[in-house]
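See structure below.
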Amino acid sequence: MAELAAIVLAAGEGSRLRPLTTLRPKALCPVGNVPMLDRALALLDEIGLAGPDRVAVNACWLGDQIAEHVGDRAHVSVEKDLLGSAGSVGHLRDWVDGRPVLVMNADAYFSADVTISALVEDWDGERLRMLGQRHVGGVGEFGAYDFAGMSLLPAATAASLPADHGDLVRLAWRPAEAAGTLDVIRLHGLYLDCGTPRSYLHANLLEVEESLIAPDAVVTGDVRRSVVGEGATVHGDVSDCVVWPGSQVAEGERLSRAVRAQDLTVRVESRS
């Protein structure tokens with residue numbers, strides 16, 4: 001099998017996560033005080049995929065932030081218009097250069113016990129593969145499973161994708177499923193799509209037992225089961241919250257199940 005390349009999809013507008021994504025692209029929103037994109041790059045590094053020859057990151061919405069953040073750690077493909085999951089791979093055809101491709105969503109959260117090596121182990125490079133999370137109740141997106149943020153495309157499949165707007169579900173996964181050439185590798189651990197305020201907050205709270213407070217944060221209030229970012233100031237009381245880097249919670253404020261990002265406060269209602 002040819003040397004594997006990886007593409008991290010980070011171009012989306014993050015419309016479901018607004019208004020947080022008016023400040024940062026979704027891929028740079030922090031989970032456990034680490035930008036989601038950095039978490040994705042670290043997972044790829046665990047299986048030997050790192051550097052601009054092996055890893056590409058696509059960008060569009062607030063793409064300059066993505067490009068600056070990535071620097072020379074990966075090849076950055078800035079798209080003028082959103083191309084979708086398939087079009088983004090097609091747009092990178094020259095960089096892919098005939099290799100098979102691992103495609104990963106930048107907003108994929110995996111619990112600490114997850115290793116992604118099972119996805120690539122013993123792959124013949126001919127069949128499509130995806131990580132799948134067991135669906136709870138009823139039928140999942142792909143048989144008994146729901147897609148869990150990462151897939152493998154054979155070289156021929158990656159090379160066939162057009163460089164205009166399209167998605168992998170329609171152009172790659174469903175055709176392979178119909179042909180019997182799609183394998184779903186069960187994920188052992190937890191995957192979350194951090195595309196909504198609820199799932200984003202949930203992922204952050206999974207990263208803490210009591211609280212996670214950046215060393216340079218100033219905290220004089222009561223902080224319970226929350227994540228407080230670098231340079232943040234918390235003089236009020238917060239519980240089950242995320243306080244972004246540089247953000248403030250004033251004395252007398254009480255926040256619960258909320259994200260404070262600069263001047264924005266996004267509250268997440270508990271499930272009834």
Side-chain angles (χ1 to χ4, degrees), residues 1-14 17 21 23-110 114-117 119-120 123 125 129-131 148-155 157-159 161 163 165-168 172 191 193-195 203 230 245:
M1 184 178 69
E3 182 181 65
L4 183 65
I7 297 174
V8 183
L9 301 178
E13 294 181 358
L17 199 54
T21 47
L23 302 174
R24 296 186 180 192
K26 181 169 55 174
L28 297 187
C29 293
V31 171
N33 279 339
V34 179
M36 287 192 275
L37 178 55
D38 288 356
R39 299 175 71 93
L41 294 175
L43 273 175
L44 293 174
D45 187 51
E46 288 180 7
I47 60 170
L49 295 174
D53 294 331
R54 300 292 300 278
V55 179
V57 177
N58 80 323
C60 185
W61 173 251
L62 300 178
D64 56 337
Q65 290 189 33
I66 296 285
E68 181 179 0
H69 184 81
V70 172
D72 61 1
R73 291 182 295 161
H75 175 81
V76 179
S77 170
V78 179
E79 302 165 1
K80 181 179 179 180
D81 300 302
L82 289 171
L83 295 175
S85 55
S88 296
V89 177
H91 186 67
L92 279 161
R93 184 178 294 110
D94 289 344
W95 176 84
V96 171
D97 193 25
R99 292 176 289 180
V101 179
L102 187 157
V103 182
M104 180 181 186
N105 293 346
D107 63 354
Y109 170 83
F110 296 98
V114 168
T115 58
I116 63 171
S117 58
L119 180 66
V120 298
W123 185 46
R129 275 190 177 186
M130 67 168 59
L131 277 182
M150 195 176 300
S151 67
L152 286 170
L153 303 179
T157 303
L161 295 173
H165 189 275
D167 62 83
L168 288 174
Y191 156 78
D193 166 3
C194 293
E230 294 181 0

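Residues Leu62 and Thr21 fail the side-chain proximity criterion, which asks for heavy atoms closer than 4.5 Å. Using a 4.5 Å heavy-atom cutoff, the side chains of Val120 and Leu152 are in contact. Considering only heavy atoms from C-beta on, Cys29 comes within 4.5 Å of Leu17 through its side chain. Ile116 has its side chain out of reach of Met104: every pair of non-hydrogen atoms, C-beta onward, lies at least 4.5 Å apart. Taking the side chain as every heavy atom from C-beta outward, Leu119 and Ile47 never approach each other to under 4.5 Å.
Classified by interplanar angle (parallel below 30°, tilted 30° to 60°, perpendicular above 60°), the ring pair Phe110/Tyr191 is tilted.
The distance from atom CG of Leu161 to atom CG of Leu92, rounded to the nearest 0.5 Å, is 11.0 Å. Rounding to the nearest 0.5 angstrom, the gap separating the CD1 atom in Ile66 from the CG atom in Leu28 is 4.0 Å. In this structure, Cys60 SG and Leu9 CG are separated by 12.5 Å, a value rounded to the nearest 0.5 Å. Rounding to the nearest 0.5 angstrom, the gap separating the OG atom in Ser151 from the CG atom in Leu131 is 9.0 Å.
Under the side chain to side chain donor-acceptor pair (under 3.5 Å) criterion, Asn58 pairs with Glu79, Ser88, not counting sequence neighbours.
Among residue pairs with one or both ends in residues 24-49, those qualifying as salt bridge (Lys or Arg N to Asp or Glu O under 4.0 Å) are Lys26-Asp107, Asp38-Arg73, Arg39-Glu207; sequence neighbours excluded.
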